[in-house]
Amino acid sequence: SIVVVCVHDSESFDMALNLYEASLMPNGILNHLFVTNSMEMYGIFQALGIRSYLFSKSNHHSRINMTEDWLKLKYTFKVHVVVEILKLGFSVMYTGLNIYMMQNPFIVYTCEVCDIVALSDTPGISTDLYFAKPSSAAIELHERVLGASRLEPKPIIGPIMQKTMKQMKLEGKLRYDLISHFKIPSGAIYFEIGARIFAGDKACKICVAVRNDWITGNAARIYRFKENLQWMVDDNSYYSDPKRKYLMYNNSNWFGNLTNHHEVTAFKAALSISHLLKRTLIAPTFHCQGCRFKVCRIYAKHCSLNAHFR
């Protein structure tokens, strides 16, 4: 089996590197391959000694419609990559960049008769972390997903694959299983409903991995990873530069209905001061008044920056 990571462009590099440093290597997952269609990203992966492959027009021109599919590759990239590897006879575990692995996920992907093992989601099915065998059914699934995506200007692969999986199962062509969302929960279940705002909040003993989703943008995902000590990338020597200076402050007081107003005002002031002093601002915890997490029903409980600004 090969664990496949797809990196479409340079904007995803930090997330990809964190997956490598915080999930794959700590869990001893050495049979991985980072696939990219960016020459820049391929060069960086090679320089770091990370197993990688350049998925380019020149080496896949016969399999991809040059005038149509390549323009949509941002949306269909993972499907193109997975089906090519399946055709070579390898089993594939595809993982998205938003995954943090507490354990080696192979321990729960144990269905011997299944063509596909995906994740149970609320609602439906998630393919953020899924396993596929090199069976004719799994290959047909991915080819049908690519065919359906050609009818959409900006195809969203998740719903298309979910619909196709269900259709092929009804046809008796595909056997699949779903991993419980309690073992690999979504961001909504793990972070928000589970009230895991900071590292150490309510350890999940049965979790194998967590999906850092139900939040918009890589910047917000990275901040959530950092708050939960699930981030390992030392970008621009943020953690290790001995010359870097920091600024910290606390939101310790409760001002009733005015708490949110005062804390936002203080945060803006701290940003200005840190900029003038050329220091890195370490954001404090915030009271939960007015935020959108379920945990915010208890106003005095502390929440992260993402609770108010996302």
Side-chain angles (χ1 to χ4, degrees), residues 5-19 22-23 36 38 41 72-79 94-101 118-130 149 152-162 181 184-199 201 207 209-233 235 238 260 263-264 267-268 271 281-297 301-310:
V5 184
C6 294
V7 186
H8 187 267
D9 52 36
S10 58
E11 293 181 2
S12 305
F13 175 72
D14 282 352
M15 292 283 288
L17 187 58
N18 188 67
L19 179 67
S23 292
T36 179
S38 164
M41 290 299 94
K72 293 183 179 178
L73 196 57
K74 178 178 181 180
Y75 307 98
T76 62
F77 189 33
K78 75 177 184 182
V79 187
Y94 168 81
T95 175
L97 302 182
N98 63 330
I99 298 294
Y100 175 77
M101 301 173 183
L119 303 178
S120 175
D121 205 0
T122 48
I125 297 171
S126 170
T127 55
D128 282 347
L129 183 63
Y130 76 95
S149 70
E152 303 289 338
K154 295 182 179 180
I156 307 300
I157 293 302
I160 295 175
M161 185 169 286
Q162 174 179 310
H181 58 249
I184 305 180
S186 67
I189 292 175
Y190 183 84
F191 294 108
E192 299 192 16
I193 296 174
R196 296 179 180 92
I197 308 301
F198 301 103
D201 289 348
C207 291
V210 60
R211 290 173 278 153
N212 190 358
D213 55 8
W214 290 79
I215 196 167
T216 304
N218 279 349
R221 292 187 183 96
I222 290 171
Y223 192 86
R224 183 193 262 172
F225 272 147
K226 288 180 177 179
E227 291 282 33
N228 285 271
L229 299 184
Q230 297 169 348
W231 187 258
M232 296 289 289
V233 178
D235 189 32
Y238 178 89
N260 185 54
E263 290 185 348
V264 170
F267 180 64
K268 292 178 179 179
L271 285 173
L281 177 64
I282 300 177
T285 59
F286 292 79
H287 290 90
C288 294
Q289 184 187 45
C291 76
R292 289 173 278 184
F293 290 148
K294 289 184 179 294
V295 71
C296 297
R297 294 170 182 169
K301 186 174 178 67
H302 281 191
C303 288
S304 73
L305 178 68
N306 272 346
H308 294 287
F309 306 93
R310 66 169 182 164

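Values reported hereafter were calculated over all heavy atoms of this structure, with side chains retained and with hydrogens, waters and symmetry mates removed.
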If I compare all heavy atoms of Leu19 with all of Gly96, which pair ends up nearest, and what's the gap? CD2-O, 3.9 Å

Kindly compute the distance separating CZ (Phe286) from NE2 (His302), expressed to the nearest 0.5 Å. 10.5 Å

For a 4.5 angstrom cut-off between non-hydrogen side-chain atoms, does Thr127 reach Leu119? no

With Glu227 via side-chain hydrogen bond (donor to acceptor under 3.5 Å, both in side chains) - residues at least two apart: Tyr223

Could you grab the distance from atom CG of Asn212 to atom OG of Ser186, nearest 0.5 Å is fine? 10.5 Å

Under the side-chain hydrogen bond (donor to acceptor under 3.5 Å, both in side chains) test, which residues partner Asn218, sequence neighbours left out? Arg221

Apply side chain to side chain contact (heavy atoms under 4.5 Å, CB included) to Ile125 and Met161, showing your working. CA-CA 9 Å; Ile125 297 171; Met161 185 169 286; over 6 Å; no

Gap separating the CZ atom of Phe13 from the OG1 atom of Thr36, nearest 0.5 angstrom: 10.5 Å

Do Asp121 and Gln162 make a side-chain contact, defined as non-hydrogen atoms from C-beta onward lying under 4.5 Å apart? no

Set of residues satisfying side chain to side chain contact (heavy atoms under 4.5 Å, CB included) with respect to Asp128, sequence neighbours excluded: Asn98, Ile99, Ser126, Arg211, Asp213

Do the side chains of Cys303 and Thr285 get nearer than 4.5 Å, heavy atoms only? no

About how many Å separate NZ of Lys78 and OG1 of Thr95, when rounded to the nearest 0.5 Å? 9.5 Å

Under the side-chain hydrogen bond (donor to acceptor under 3.5 Å, both in side chains) rule, collect the residues that match up with Ser38, sequence neighbours excluded. none

Set of residues satisfying disulfide (SG to SG under 2.5 Å) with respect to Cys6, sequence neighbours excluded: none

Any heavy-atom pair between the side chains of Phe198 and Asn228 that's under 4.5 Å? no

Phe191 side chain near Val210 side chain, heavy-atom distance below 4.5 Å: yes

What distance separates Leu305 CG from Lys226 NZ, expressed to the nearest 0.5 Å? 11.5 Å

Test item: Trp231 and Met15 side chains (from C-beta on) under 4.5 Å apart, heavy atoms: yes

So, using side chain to side chain contact (heavy atoms under 4.5 Å, CB included) as the criterion, who are the partners of Leu271 when residues are at least two apart? Phe267, Leu281

Can you check whether Pro155 reaches Ile160 side chain to side chain, under 4.5 Å on heavy atoms? yes

Once you round to the nearest 0.5 Å, how far does OG1 of Thr76 lie from CD1 of Ile156? 11.5 Å

Under the rule for side-chain hydrogen bond (donor to acceptor under 3.5 Å, both in side chains), what residues qualify as partners of Arg196, not counting sequence neighbours? none

Test ring-ring contact (aromatic ring centres under 6.0 Å, His included) applied to Tyr130 - qualifying residues, sequence neighbours left out: Tyr94, His142

Correct closest heavy-atom pair for Ser304 and Ile197 would be N-CG2, 3.3 Å

Minimum heavy-atom distance between Ser23 and Tyr100, given as atom pair plus value: OG-CA, 3.5 Å

